[in-house]
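Taking it in order: structure first as structure tokens, then the write-up.
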Amino acid sequence: MHQSIAPLVVIAGETASGKSALALDVAERFGGELICADSWTVYKGFDVGTAKPSIEERRRVPHHLLDIADPEKGYSAAEFQKRAFAAIEGIAARGRLPVLVGGTGLYIDSVLFNYQFLPAPPAWLRGQLSELSLEELQQKAHDEGLDTTGIDLRNKRRIIRLIENNGLRPTKHPLRDNTLMLGIQAGQDQLHGRVERRVDAMLAAGLELEVRSLAGQYGWDAEPMKGIGYHEWRRYFEGNQSRIQTRDRIVAATLGLAKRQRTWFKRNKSIQWLPAVDAPELAVLAVTTFLENDVH
RNA sequence: GCAGGGAUAGUGAAGCGGUCAAACACGGGUGACUGUAAAUCAUCUGGCUCAGCCUUCGGGGGUUCGAAUCCCUCUCCCUGCA
């Protein structure tokens, strides 16, 4: 009955769903440590706009994989996966419970399904391919005799990846064993209000200042500067957009993100969805059951 | 009161006799997604018993084979003159 693979609790959910608070709660109660599966909180210095867990929260429960990426270099799901695996092993080795929380579906799935990423492309190649138009990329893929079945030929990035990989396709494994997947089902009707409150809180917490400083430090082309809550300020700083408009754009973009996150997680049929209202109680119940069945 | 301009789908805004259920933008829905993923991309968005049918372009009435597009009139809004 003993399982060789470490137990893992996953808490997924759209932005502003309350998953971070829930994860904190679960971790505290079960002696867990959090691994943040978030493509934006990995960056150093991007704090307010990413709603990064506070110092105080990090004191309550150890958080892993925050502030590990250099904004100038960018980051990738493959790098995240490596560190997440290592973090899970480390936490389990200390006899604690690893809890993977986040809203970046790709990052989470890379761990859950042990995605086999293909080698990173040389920077020069990507740069070169990015210059090409969609039609040129399609032509190039065709000329190189690459199999394009299943590839979204209208999406430049997908074709670029295909060419970079020289036609090879990545693979994945079945769902990881010994894993409990929970999702927060936040009321859609209240999402808008929650997002607005969250953005307003960021504004009050000094988002403008943070963005101004980061933009000065890294420039608008740095990867994380393209994120929601950051790039919207560019026009504002240039004097072409009011603060209110900026705020509204951030809200709208966040809502769009939430939708994409929902779509991503929806297709994972193994997730147990917990209604946000009584998520804490249900989560405790689910984790308790999970751990009982797991240990011996 | 007189002269002129305007009223178009959730919003903004094209159209100015047929090819208009009506461009485009935004907003909204749905979906894809493996080294950029808070990214990138697709798709739907008047109604229905949905390869067809029905009701729309401020209201009403005309002209015409045919009108969102022309004429008359009513209502409301803006501008100039009083």
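Everything numeric here is computed off the predicted structure, so don't read it as measured data. Every chain is numbered from 1 and lettered A, B, ... according to where its sequence line falls, protein lines coming before strand lines.
If you check residues 140-155 of chain A against RNA chain B, the residues with a heavy atom closer than 4.0 Å are A:Asp152, A:Arg154, A:Asn155, listed by number. For RNA chain B, the residues of residues 218-238 of chain A within the heavy-atom distance limit of 4.0 Å (strictly under) are A:Glu223, A:Gly227, A:Ile228, sorted by number. Of the residues in residues 64-88 of chain A, those placing a heavy atom less than 4.0 Å from an atom of RNA chain B are A:Tyr75, A:Ser76, A:Ala78, A:Glu79, in numerical order. For the segment residues 244-275 of chain A, the set of residues with a heavy atom within less than 4.0 Å of an atom of RNA chain B comprises A:Leu257, A:Lys259, A:Arg260, A:Thr263, A:Trp264, A:Lys266, A:Arg267, in numerical order.
Not counting sequence neighbours, the partners of A:Arg126 by the side chain to side chain donor-acceptor pair (under 3.5 Å) test are A:Glu164. With sequence neighbours excluded, the residues that form a salt bridge (Lys or Arg N to Asp or Glu O under 4.0 Å) with A:Arg94 are A:Glu33. Every residue two or more places apart in sequence or in another chain that forms a side chain to side chain donor-acceptor pair (under 3.5 Å) with A:Gln241 is listed here: A:Thr246, A:Arg249. Among residues two or more places apart in sequence or in another chain, the side chain to side chain donor-acceptor pair (under 3.5 Å) test is passed with A:Asp200 by A:Arg247. Under the side chain to side chain donor-acceptor pair (under 3.5 Å) criterion, A:Asp109 pairs with A:Trp264, sequence neighbours left out.
Residue pairs satisfying the ring-ring contact (aromatic ring centres under 6.0 Å, His included) criterion with at least one member in residues 72-92 of chain A, sequence neighbours excluded, are listed as follows: A:Phe80-A:Tyr107.
In this structure B:U43 sits in a base pair with B:G29, meeting the Watson-Crick or G-U test at under 3.5 Å.
Other members of the hydrophobic cluster containing A:Ile151, listed by chain and number, are A:Trp124, A:Leu125, A:Leu129, A:Leu132, A:Leu134, A:Leu137, A:Leu146, A:Leu153, A:Ile159, A:Ile160, A:Leu162, A:Ile163; membership follows side-chain contacts under 4.5 Å among ILVMFWY residues, whether direct or relayed.
No hydrogens or angles were tested; on distance alone, a donor-acceptor pair under 3.5 Å links the side chain of A:Arg158 to the base of B:A39.
Distance A:Phe113 CZ to B:C33 P: 12 Å, rounded to the nearest Å. Taking atom NZ of A:Lys156 as the reference point, atom P of B:A37 lies 18 Å away to the nearest angstrom. Distance, A:Glu196 CD to B:G27 C1': 14 Å, rounded to whole Å. Look at CD1 on A:Ile159: it is 14 Å from C1' on B:A32, rounded to the nearest Å.
Using a 4.0 Å heavy-atom distance criterion, A:Gly49 is classed as a base contact.
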Expected list for residues 271-286 of chain A: side-chain donor-acceptor pairs under 3.5 angstrom, two or more places apart:
none

